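Below is one structure; the comments refer to it alone.
In the text below, chain A, chain B and the rest are named by the order of the sequence lines, each starting its count at 1. Quick caveat, the model's predicted, so the values are computed rather than measured.
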Amino acid sequence: MLKTHTCGELRKEHVGQTVTLAGWVNRRRDHGGLIFIDLRDRWGMTQIVADPAQSGEAHKAASEARGEYVLQVTGVVRARPEEMVNPDLGTGEIELEATVIKILNPAKTPPFYIYSDEKVEEALRMKYRYLDLRRRRMQRNLILRHQVVKYIRDFLAERGFVEIETPVLFKTTPEGARDYLVPSRVHPGKFYALPQSPQQLKQLLMVAGYERYFQIARCFRDEDQRGDRQPEFTQLDLEMSFVERADVMSLIETLMTGIVKDVSDCELLYEPFPRLTYKEAMDRFGTDRPDLRYGLELTDVSAIAAKTEFKVFTGAVEAGGAVKALVAPGCGDYSRRQAEELEVIVQEAGAKGLAWLAVNADGTARGGAARFFEGERLAELLEATGAQPGDLVLFVADEYTMVSAALDALRREFARRLELADPKKISFCWVIDFPLFFWNEEEQRWDPSHHLFTAPLPEDAHLLYTDPGAARGAQYDLVCNGYEVAGGSIRIHDRAMQERVFELIGLDMATARERFGHMLEAFEYGTPPHGGIAPGIDRIVMLLAGEPNIREVIAFPKNQQASDMMADAPSVVEPIQLEELHIRVVED
RNA sequence: GGGGGCGUAGUGUAGCGGUUAACAUGUCGGCCUGUCAAGCCGAAGAUCGCGGGUUCGAAUCCCGUCGCUCCCGCCA
């Protein structure tokens with residue numbers, strides 16, 4: 001080893017020892033005579049003192065060193081005098097008096113500060129990601145990520161789970177997201193697909209009798225990016241045999257609680273995790289992934305609105321839609337203009353418009369919708385919504401899903417404005433009882449709301465034959481701070497039921513056999529009832545780290561255009577490579 | 001595919017129709033033996049993303065384009 005200790009290690013008890021450190025020059029303070037260097041490595045920083053009276057050569061090397069030079073320093077650990085102790089540094093009670101300083105490697109001046117977490121344009125950080133990763137923020141995030149993954153491995157190993165790797169080169173599944181395809185050299189015109197998740201393989205591992213499987217699995221989906229979505233991402237993929245919904249949920253709840261408490265410095269808000277049905281989540285929050293760190297719940301005021309003279313309200317109710325309200329506490333002082341500017345938010349979510357009123361101190365109301373709510377009507381409204389004097393009440397009237405989407409957007413906007421979402425707080429909840437299918441109007445068929453192996457709740461199984469839209473799935477989503485962080489289900493292990501699902505989603509048996517023949521056949525050889533879940537590691541670590549997007553917890557992420565800006569991937573390839581793969585590129 | 005935001009020395013920002021484009025920091029040089037965001041003095045460093053237009057005059061206004069980013073669609 002080129003170092004005897006780390007830069008974060010030396011304390012008072014090492015005083016007098018001769019040690020060797022190695023690391024990067026974080027900062028250098030040249031006093032002409034004495035030179036101080038903060039030598040940095042992953043573990044911390046140690047102050048090096050180069051005194052020309054002690055070693056002329058070490059002092060000369062120190063004067064040549066610049067930011068980010070890589071140095072090896074040998075010297076004697078010395079206690080700092082009382083008034084020179086640096087309480088901000090773990091090693092602040094000592095310093096290393098250099099006898100030998102060796103420049104292991106010089107460094108160009110970096111394009112941005114390494115020693116400061118000052119904001120730098122993300123494109124530049126990505127181009128020099130290896131420098132960005134030297135910064136404290138990224139080191140903290142990646143180490144946190146390691147700790148989370150290690151906690152998961154230890155936790156599951158203790159409980160009898162086996163970690164099994166599954167192939168990255170597998171088979172296309174056109175039902176889901178767009179696949180990343182890999183051409184086959186050996187099979188002209190044929191392609192592997194990178195897995196969107198190891199879904200089929202983990203179910204086959206249950207057929208194979210492993211009973212408890214997990215994997216820290218890389219997944220690939222060729223869809224457009226978001227702050228919480230990357231073309232490749234990591235899931236804790238997990239599957240168990242002989243379990244019911246409650247078993248999987250309880251395991252994950254214990255795991256997540258442990259991670260938050262033992263690995264992060266975040267506060268866990270609710271134990272046990274609240275459980276919401278899909279319907280309840282949509283009714284109360286307008287979304288199936290509500291952020292429960294704050295209230296701002298929606299109120300259905302359709303019944304009251306139907307009694308008003310407001311055509312927009314009555315029309316929506318008559319058409320079978322809904323009128324729902326959101327109360328923005330303390331925002332009653334919004335001007336007409338401020339209130340009307342909010343309309344953009346709901347319009348972006350697809351709603352036609354936004355109605356509003358502010359509750360005055362005397363209990364009367366002002367604003368666009370105020371004239372429809374007078375006297376008893378207003379009293380009813382305030383009673384229903386809980387709005388107080390000084391509050392702003394916002395209404396959206398439309399089809400139920402539109403109202404939900406619009407008020408969800410508005411709710412999140414007010415959480416932001418009122419700073420209600422504390423990033424140090426972690427609030428999980430389960431969302432259950434999803435409909436098994438959503439009706440796809442365009443294709444005139446049922447689409448699975450989770451995936452096509454999801455079983456219905458046992459008590460709803462008969463509905464597959466009578467009223468598929470009413471069947472609830474044995475599905476569970478884990479939501480954290482407004483993000484879906486895990487989704488799972490109990491799977492279908494019965495061939496007849498699986499075939500019925502294929503039929504409902506418009507997959508004829510010939511096609512199903514071609515795509516999933518191996519699954520169908522496997523299910524005929526003694527399949528245990530089984531189910532699983534797949535928490536998204538990137539999102540969970542993002543939330544624990546208090547970061548705004550998952551790129552901050554991925555070492556080498558891709559940008560919004562799915563490019564790697566450091567390596568410049570994807571890139572053109574040699575014609576010979578294409579030829580071997582039997583591929584011809586067509587110009588647009 | 002659609003909508004919004006941003007783009008000015010290495011970096012972070014200011015300037016938003018009118019002198020030589022400003023400030024901080026970094027870089028380079030000088031001085032400096034107790035600093036830890038070291039200090040003091042000095043210097044260099046910008047075709048204001050790119051192209052076009054309006055104007056006597058454009059970093060500033062308009063159009064286009066490129067890049068990054070956020071959102072909708074998409075994400076079984």
Side-chain angles (χ1 to χ4, degrees), chain A residues 26-40 45-54 59 63 66-68 78 80-89 91-92 95 97 108-128 131 172-179 195-197 199-200 219-231 233 344-345 347-351 405-406 409 412-413 434 436-438 440 446-454 473 475 484 487 489 501 505 507 515-516 534 536 548-549 551 559-561 563 565:
Chain A
N26 197 62
R27 277 183 177 274
R28 178 174 152 277
R29 293 174 293 279
D30 187 345
H31 287 233
L34 285 182
I35 298 174
F36 299 96
I37 288 174
D38 295 332
L39 196 68
R40 182 196 73 232
M45 257 187 327
T46 301
Q47 173 162 283
I48 311 296
V49 188
D51 185 343
Q54 290 294 322
H59 182 265
S63 66
R66 292 293 181 271
E68 301 308 310
R78 220 169 53 175
R80 297 200 197 184
E82 187 96 20
E83 64 276 17
M84 292 168 200
V85 165
N86 184 347
D88 300 331
L89 220 53
T91 60
E95 61 193 4
E97 188 169 66
K108 296 209 292 189
T109 302
F112 50 81
Y113 308 110
I114 307 299
Y115 51 79
S116 144
D117 278 334
E118 182 177 57
K119 262 200 177 306
V120 177
E121 194 191 332
E122 199 173 336
L124 194 69
R125 293 175 55 201
M126 288 306 167
K127 181 174 175 191
Y128 296 98
L131 296 179
T172 181
T173 50
E175 287 72 26
R178 199 175 292 113
D179 284 319
Q196 297 176 24
S197 82
Q199 183 60 38
Q200 296 181 33
C219 306
F220 305 86
R221 293 178 192 175
D222 185 5
E223 297 292 352
D224 286 339
Q225 307 308 297
R226 287 289 186 284
D228 62 348
R229 274 167 27 194
Q230 282 272 303
F233 60 99
V344 178
I345 297 162
Q347 282 172 340
E348 274 172 6
R412 284 182 286 117
E413 171 65 18
F434 281 78
L436 194 53
F437 304 104
F438 287 109
N440 183 330
W446 294 101
D447 279 346
S449 69
H450 185 45
H451 59 59
L452 71 193
F453 303 112
T454 302
Q475 181 194 341
E484 183 194 324
S489 63
V501 169
I505 65 178
L507 204 59
R515 287 179 192 164
F516 306 109
N549 66 67
R551 295 187 299 276
N559 72 5
Q560 184 128 59
Q561 276 66 243
S563 301
M565 299 186 72

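Rounded to a whole angstrom, the distance from the P atom of B:A21 to that of B:G10 is 16 Å. Straight-line distance between the C1' atoms of B:G45 and B:U8: roughly 14 Å, to the nearest whole Å. A distance of about 29 Å separates the P atoms of B:A9 and B:G3, rounded to the whole Å. Look at the P atom in both B:U20 and B:G57: the space between them is 16 Å, to the nearest Å. The gap from the P atom of B:C16 to that of B:G49 amounts to 16 Å, rounded to the nearest Å. B:U19 and B:G26 have their C1' atoms separated by 29 Å, given to the nearest Å. Across the C1' atoms, B:C41 and B:C50 are found 40 Å apart, a figure rounded to whole Å. Atom name C1', nucleotides B:U11 and B:G51: the rounded distance is 27 Å, in whole Å.
With sequence neighbours excluded, the residues satisfying salt bridge (charged side-chain N to carboxylate O under 4.0 Å, His left out) with A:Arg515 are A:Glu175. Taking A:Phe36 as the reference, A:His31 meet the ring-ring contact (aromatic ring centres under 6.0 Å, His included) condition, with sequence neighbours excluded. Under the ring-ring contact (aromatic ring centres under 6.0 Å, His included) criterion, A:His450 pairs with no residue at all, not counting sequence neighbours. Every ring-ring contact (aromatic ring centres under 6.0 Å, His included) that A:Tyr115 has, sequence neighbours left out, goes to A:Tyr113. Residues that satisfy the side chain to side chain donor-acceptor pair (under 3.5 Å) test with A:Gln225, not counting sequence neighbours, are absent from this structure. Residues passing the salt bridge (charged side-chain N to carboxylate O under 4.0 Å, His left out) test with A:Arg221, sequence neighbours excluded: none. Take A:Arg226 and apply the side chain to side chain donor-acceptor pair (under 3.5 Å) test, not counting sequence neighbours, and it matches no residue. Looking at residues two or more places apart in sequence or on another chain, you find a side chain to side chain contact (heavy atoms under 4.5 Å, CB included) between A:Pro110 and A:Glu68, A:Ile114, A:Leu131.
Of the nucleotides present, none pairs with B:A21 by Watson-Crick or G-U wobble criteria with both distances under 3.5 Å. In this structure B:C6 sits in a base pair with B:G67, meeting the Watson-Crick or G-U test at under 3.5 Å. In this entry B:G42 has B:C28 as its Watson-Crick or G-U wobble partner, both defining distances falling under 3.5 Å. The base-pairing partner of B:C61, taking Watson-Crick or G-U wobble contacts with both distances under 3.5 Å, is B:G53.
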_Summary of protein contacts for nucleotides 23-37 of chain B, nucleotide by nucleotide, where a base hit scores B, a sugar-phosphate-only hit scores S (4.0 Å, heavy atoms)_ = --BSSSS--BBBBBS
_Letter per nucleotide, 5' to 3', of nucleotides 1-6 of chain B [B base touched, S only sugar-phosphate touched, - untouched; heavy atoms, 4.0 Å]_ = B-----
Which pairs, protein N/O on one side and nucleotides 44-47 of chain B N/O on the other, fall under 3.5 Å?
none

Distances for protein N or O near nucleotides 64-69 of chain B N or O, under 3.5 Å:
residue, atom, partner, partner atom, Å
B:C68, OP1, A:Asn559, ND2, 2.8
B:C68, OP2, A:Gln561, NE2, 2.6
B:U69, OP1, A:Gln560, N, 3.3
B:U69, OP2, A:Gln560, N, 3.0
B:U69, O3', A:Arg551, NH2, 3.4

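Put simply, CD on A:Gln475 is 11 Å from C1' on B:A76, counting in whole angstrom units. Atom-to-atom, CZ of A:Phe220 to C1' of B:C75 comes out at 16 Å; the value is rounded to the nearest Å. Per the geometry, CD belonging to A:Glu175 stands 11 Å off P belonging to B:A76, to the nearest Å. Across the protein-nucleic acid pair, A:Gln225 atom CD and B:C72 atom P stand 14 Å apart, rounded to whole Å. The CH2-C1' distance, from A:Trp446 to B:A76, rounds to 16 Å in whole Å. Rounded to whole Å, atom C1' of B:A76 lies 12 Å from atom CG of A:Leu436.
Between the side chain of A:Arg178 and the main chain of A:Asp222, a donor-acceptor pair closer than 3.5 Å is present.
Counting heavy atoms from C-beta on, the side chains of A:Ile35 and A:Ser63 come closer than 4.5 Å. Inter-residue side-chain proximity for A:Ser563 and A:Met126 is flagged as unmet; no heavy-atom pair is nearer than 4.5 Å.
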*Passes side chain to side chain contact (heavy atoms under 4.5 Å, CB included), A:Asn86 versus A:Arg80? Steps please.*
CA-CA 9 Å; A:Asn86 184 347; A:Arg80 297 200 197 184; 3.6 Å; yes
*Evaluate side chain to side chain contact (heavy atoms under 4.5 Å, CB included) for A:Thr173 paired with A:Gln200, printing each intermediate quantity in order.*
CA-CA 10 Å; A:Thr173 50; A:Gln200 296 181 33; 3.3 Å; yes
_Under the criterion side chain to side chain contact (heavy atoms under 4.5 Å, CB included), I'd like the reasoning laid out for A:Gln47 against A:Thr91: C-alpha separation, chi angles, the key distance, then a yes or no._
CA-CA 8 Å; A:Gln47 173 162 283; A:Thr91 60; over 6 Å; no
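Within 4.0 Å of A:Ser197, counting heavy atoms only, lies at least one base atom of the nucleic acid. Residue A:Leu124 is in sugar-phosphate contact alone, with no base atom involved, counting any heavy-atom pair closer than 4.0 Å across all strands shown.
A:Trp446 and A:Phe437 have tilted rings, their planes meeting at an angle from 30° to 60° on a 0 to 90° scale.
Judged by atom type and distance alone, A:Arg229 reaches the base of B:C75 through a side-chain donor-acceptor pair under 3.5 Å.
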